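Heads up, the thing below is written out as structure tokens.
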Amino acid sequence: MLPKRARVVVVGGGVIGCSVAYHLAHMGWKDVVLLERDRLTSGTTWHAAGLIVTFGSTSETSTEMRKYTRDLYTRLEAETGLGTGFKPVGFIEVAIDEDRLEEYRRVSAFNRYCGVDVHEISPREVKELFPLARVDDVLAGFYVKEDGQANPVDVTMALAKGARMQGATILEGVPATGIIKKGRAVAGVSTPLGDIECEYVVNCAGMWARQLGAKAGVTIPLQAAEHYYLITDKIPDLPKSLPVLEDPASHGYFREEVGGLMIGLFEPICAPWKVGGIPEDFSFGEIAPDWDRMGGYVERAMSRIPASLEVGVRKFFCGPESFTPDLAPVVGESPEVKNYFVAAGLNSIGILTGGGLGRVMAHWIIDGRPDVDVTGMNIDRLHAYQTTPEYRRTRTVESLGMVYQCHYPTRSMQTARGAKRSAIHDRLAAKGAYFKDVSGWEGADWYAPSGEAPKEQELTWKRPTWFPYWADEHKATREGVILMDMSFMSKFLVEGRDAGRILNFISANDVDGRAGMITYTQWLDELGKLQADLTVTKLDDDRYWVVASDTAHRHVLTWMRRHMEGSHAHVADVTSGWAQINIQGPRSRELLQSLTSEDLSNEAFPFRTAREIDIGFARVLCVRITYLGELGYELYIPTEQAVHVYERIVEAGADFGLRHAGLKALASLRMEKGYRDYGHDIDNTDSVLEAGLGFAVDLKKPGGFLGKEAVLAKKAEGPLKRRIVQVLCKDPEPLMFHAEVVRRDGKPVGYVRAASYGHTLGGAVGLAMIEGGGAPVDAKFVESGTWEVEIADKRYPAVASIKPLFDPGNEKIKR
Ligand SMILES: Cc1cc2nc3c(=O)[nH]c(=O)nc-3n(C[C@H](O)[C@H](O)[C@H](O)COP(=O)(O)OP(=O)(O)OC[C@H]3O[C@@H](n4cnc5c(N)ncnc54)[C@H](O)[C@@H]3O)c2cc1C
């Protein structure tokens with residue numbers, strides 16, 4: 001019998017749906033109904049290889065989910081009586097070239113910091129553990145003894161039983177045919193057997209999730225792709241309890257399977273499957289393998305285990321798995337429909353993260369907010385244009401292959417490019433811009449010297465050949481004047497009688513003072529934790545200009561809309577209508593003054609002022625603000641006049657030595673100044689005080705603000721026990737990117753969340769969240785310690801600082 005109502009309806013009975021139902025029920029929400037179209041596991045889960053691996057991610061959230069999952073699969077049998085088939089046979093990842101060795105050393109240091117017991121082992125030790133493997137070209141292995149393999153069907157059945165034991169209802173053979181909405185919120189789910197009224201829906205429909213989402217207007221740009229493994233015939237004398245071996249450079253992983261080997265593949269160029277739509281009746285299905293496409297990859301993978309070439313192939317299996325545009329899952333509440341949650345797009349790691357993801361989802365739904373950093377996987381990072389068939393067909397060719405690529409810090413996705421270009425894109429290209437993918441926009445990353453074309457993408461852990469060009473752009477910003485196109489920034493016009501009141505309520509800073517002022521602020525949740533980091537410019541009493549980074553686009557928009565419901569305040573997304581060109585550097589005032597009739601003197605146009613000015617035939621919103629730590633201006637120009645204004649600036653700029661600067665320079669300049677970047681060095685788990693942003697919180701403004709009580713409570717707790725600290729490597733040589741472990745007096749105390757190279761400071765510089773281990777993280781703590789950063793297993797002396805190491809007195813920006 002179909003229940004008439006439930007608090008939560010989970011759609012999809014794969015590992016993810018069952019894990020969500022299990023965790024909701026365990027956390028006390030027992031009124032849960034899970035609908036499975038056919039039978040549990042009939043989508044992708046039934047044929048997964050079942051690798052359970054905690055090594056390999058530089059995301060703290062992903063690593064925590066992996067660890068939790070492994071623990072859960074170990075204990076589910078005791079709880080439910082159903083085994084998960086988890087065998088801790090161990091896991092080894094081998095590096096066969098210097099670049100991979102560099103990567104795995106960096107990752108393993110970070111993973112150890114997160115509690116994964118991973119060890120670097122010699123080729124001889126690899127051979128001892130996996131005697132069938134050829135190790136002549138292996139440089140090292142990375143070994144986690146506690147990892148291994150599980151049986152995905154058994155895992156799912158155990159989760160389903162655990163959910164039922166806690167009171168959840170699981171119905172097989174009942175498809176969700178649509179989502180019923182009331183206004184902009186979930187009200188129920190329709191099925192062929194009738195409707196179920198509900199408060200929450202969780203779309204865990206795997207590769208069908210996009211189609212189901214589209215029915216309710218929810219954007220879920222995932223796409224199924226062919227995914228392969230083969231199973232060999234029995235191999236004589238195969239050692240018992242072989243560990244799982246992974247050799248990404250040969251595209252393969254290897255594990256024991258009924259006396260033979262399972263050889264799984266991640267080919268570098270992949271094949272999307274059923275771009276037009278996944279058939280509704282595809283159950284326990286297989287795809288006919290494409291031997292022609294895969295033959296070379298199979299050979300390469302098998303050559304790692306010569307014995308596999310001596311026996312026959314019992315089964316060459318191909319099944320579909322969902323992939324997303326950036327290889328992160330699609331998780332969280334949809335911006336379009338309130339209480340419509342999604343957990344899908346698992347990019348081939350749904351089994352090994354499934355337990356943890358279910359826990360995160362249940363927490364998010366029950367508490368109204370997640371308890372881990374979700375900035376990298378939140379559904380609201382994705383955009384509608386990414387759901388077009390052409391986009392999915394194009395991008396998916398690259399995404400599955402990315403899993404086994406070396407994850408170079410200089411890499412940008414190469415497919416589905418050119419989707420969004422700023423109005424001055426062609427001009428920047430003519431100036432020698434090298435472009436990278438910036439939330440789908442072509443963002444100028446750095447510029448080749450005059451007369452040279454930028455080279456193709458350079459993949460390296462070392463200094464790329466363009467390092468000196470980047471250094472020049474950085475220097476030009478510190479000493480002269482530069483032009484930077486930032487048209488990809490998210491721009492919103494907020495208008496209405498209630499606009500100022502509501503914006504001021506959701507902002508921790510006072511954004512509703514004098515018109516013509518820009519204010520840097522954070523938006524907090526009730527716990528005083530960060531939801532956004534942006535600027536609000538008051539244009540007039542009922543008109544505001546809100547600017548956030550590209551990645552925060554839909555999060556910021558949704559946060560505003562949800563807080564403005566029912567009021568006289570309206571948000572227009574004007575990102576496309578306005579180009580943003582920044583003119584920054586000590587000579588920026590001189591340059592702009594030569595182009596406008598407005599007085600730009602420090603007295604007439606001080607720091608934080610915003611005003612319309614004239615440039616040529618255009619009227620431009622000019623805001624005196626900087627993200628680079630220099631005197632500077634952001635120009636917002638109607639898109640159709642962007643080229644004209646650009647031409648005027650470049651023409652006049654010749655007399656001032658104007659240079660173009662790209663996003664590499666943006667990263668290094670802002671990092672020297674310690675300016676934060678939401679989703680990179682600060683996230684939704686940090687309180688505004690821990691993020692070091694207390695200076696932007698106005699506790700005295702009338703009416704208070706969302707999160708104020710929590711900020712006051714945090715202050716009352718006394719000195720902070722964790723805090724963002726800037727870290728500079730004293731040795732100018734090594735490079736930091738992300739996830740380098742920071743040590744104080746030899747002990748690990750945190751890791752670098754984002755880093756760049758400080759061309760002015762003379763070394764790699766980053767922002768790290770430092771845990772004091774009970775001690776206050778204050779100036780004394782910082783000054784009294786001896787600091788080091790660990791880069792690929794080597795320790796380097798470092799300077800740590802709470803105040804920005806560059807221009808701590810803000811003299812440069814206010815001159
Ligand atoms: C060859 C291969 C090997 C893999 N190996 C591994 C591995 O070693 N380790 C690992 O972690 N991951 C592995 N994976 C990935 C893993 O299998 C997936 O990430 C995971 O199974 C995804 O689970 P899911 O619940 O999101 O999707 P699914 O298992 O597809 O579940 C979705 C469910 O939703 C149901 N459904 C769809 N639409 C509706 C509807 N309208 N109403 C009701 N129900 C609906 C479907 O019937 C289906 O049962 C592998 C995948 C493949 C293809």
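One-based numbering, in listed order, for ligands and for the atoms of each. Bear in mind the structure is a predicted one, so any value in this text is a computation, not a measurement.
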**Message:** Cation-pi check for Y385 against R395: NZ or CZ below 6.0 Å from the six-membered ring centre and within 45 degrees of the axis, yes or no?
**Reply:** no

**Results of side-chain contact (heavy atoms from CB on, under 4.5 Å) for H227 - residues two or more places apart only** = F266, E321, S348, L400

**Request:** Apply side-chain contact (heavy atoms from CB on, under 4.5 Å) to Q211 and list each qualifying residue two or more places apart in sequence or on a separate chain.
**Result:** W208, I278, E280

**Near ligand 1, at a heavy-atom separation below 4.0 Å: residues by chain and residue number** = V11, G12, G13, G14, V15, I16, L35, E36, R37, S42, G43, T44, T45, H47, A48, A49, G50, L51, V174, P175, A176, C204, A205, G206, W208, H227, Y229, G319, P320, E321, L346, S348, I349, G350, I351, L352

**Asked** Would you call the rings of Y404 and Y253 parallel, tilted or perpendicular if under 30° counts as parallel and over 60° as perpendicular?
**Response** perpendicular

**Asked** Hey, are R100 and E93 close enough for a salt bridge, meaning a charged N less than 4.0 Å from a carboxylate O?
**Response** no

**Prompt:** Who are the side-chain contact (heavy atoms from CB on, under 4.5 Å) partners of R554, not counting sequence neighbours?
**Reply:** T219, P335, E336, D380, H383

